[in-house]
Amino acid sequence: MRALNPTGVVKSFGKGHRQDKQFQAQMEKVFASLYRQPKTMLMVSTETGIFRANICRYVSKWRKRNCVDIVKKDRCQISKHRASYLTTNRQLFPKSNQLKMFDV
């Protein structure tokens with residue numbers, strides 16, 4: 001099925017549209033998982049069943065928008081390797097020390 005949007009560009013509502021909804025749903029799951037508690041990408045992947053490559057893509061997108069931040073670097077509970085614990089909860093974002101350097 002095809003439709004014209006107001007700018008005259010043809011939009012398709014075929015297979016690609018269904019796939020976009022799937023990725024949007026995955027993004028929401030990953031965002032919610034990282035909001036509840038800081039986790040590594042592998043921890044989110046095992047919890048949600050979403051491929052780690054997709055999670056990496058979403059995190060990259062959110063970093064550009066300043067929607068995700070690294071809380072700490074520690075051993076992953078699953079892989080036992082050093083990894084970044086991420087969060088989308090702004091209240092858990094680390095505070096910047098940069099302003100303290102200029103206090104007199």
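The first residue of the sequence shown is numbered 1, and numbering continues consecutively from there. Given the structure is predicted, the values throughout are model-derived calculations rather than measurements.
Put simply, CD1 on I70 and NZ on K72 are 13.0 Å apart, with the number rounded to the nearest 0.5 Å. Taking OG from S45 and CD1 from I50, the interatomic distance works out to 8.0 Å, rounded to the nearest 0.5 Å. Rounding to the nearest 0.5 Å places NZ of K61 at 11.5 Å from SG of C67. Here T46 contributes atom OG1 and Q77 contributes atom CD; the two are 9.5 Å apart, rounded to the nearest 0.5 Å. Within the model, atoms OH of Y35 and CG of N89 stand 4.0 Å from one another, a figure rounded to the nearest 0.5 Å. Note that the CG atom of D74 and the NE2 atom of H81 stand 14.0 Å from one another [nearest 0.5 Å].
Considering K29, Q37, R36 as possible partners of E47, the one that fulfils the side-chain hydrogen bond (donor to acceptor under 3.5 Å, both in side chains) test is R36.
Closest non-hydrogen pair, Q26 versus N54, comes out as OE1-ND2, 3.1 Å. V71 and L92 get closest at one heavy-atom pair: CG2-O, 4.0 Å. The shortest non-hydrogen separation linking K73 to R82 is O-NH1, 3.5 Å.
No more than 12 heavy atoms of other residues, nucleotides or ligands sit less than 6.0 Å from atom CZ of F51.
S33 places no side-chain N or O within 3.5 Å of a backbone atom of V44 that could act as its donor or acceptor partner. Judged by distance alone, with hydrogens and angles left aside, the side-chain atoms of Y85 form a donor-acceptor pair with the main-chain N or O of R75 at under 3.5 Å.
Counting heavy atoms from C-beta outward, P94 and D69 have side chains that approach closer than 4.5 Å. Within the 4.5 Å cutoff, the side chain of R63 has heavy atoms near those of the V59 side chain.
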Test log, rule side-chain contact (heavy atoms from CB on, under 4.5 Å), inputs T87 and F93: CA-CA 7 Å; T87 187; F93 281 15; 3.8 Å; yes
side-chain contact (heavy atoms from CB on, under 4.5 Å) evaluation trace for F31 with Y58: CA-CA 9 Å; F31 194 91; Y58 305 147; over 6 Å; no
Working for side-chain contact (heavy atoms from CB on, under 4.5 Å), residues L86 and K39: CA-CA 5 Å; L86 304 165; K39 298 174 186 151; over 6 Å; no
Working for side-chain contact (heavy atoms from CB on, under 4.5 Å), residues L42 and S79: CA-CA 8 Å; L42 181 59; S79 69; 3.7 Å; yes
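One hydrophobic cluster holds both M41 and F23 under the rule that ILVMFWY side chains link at heavy-atom gaps under 4.5 Å.
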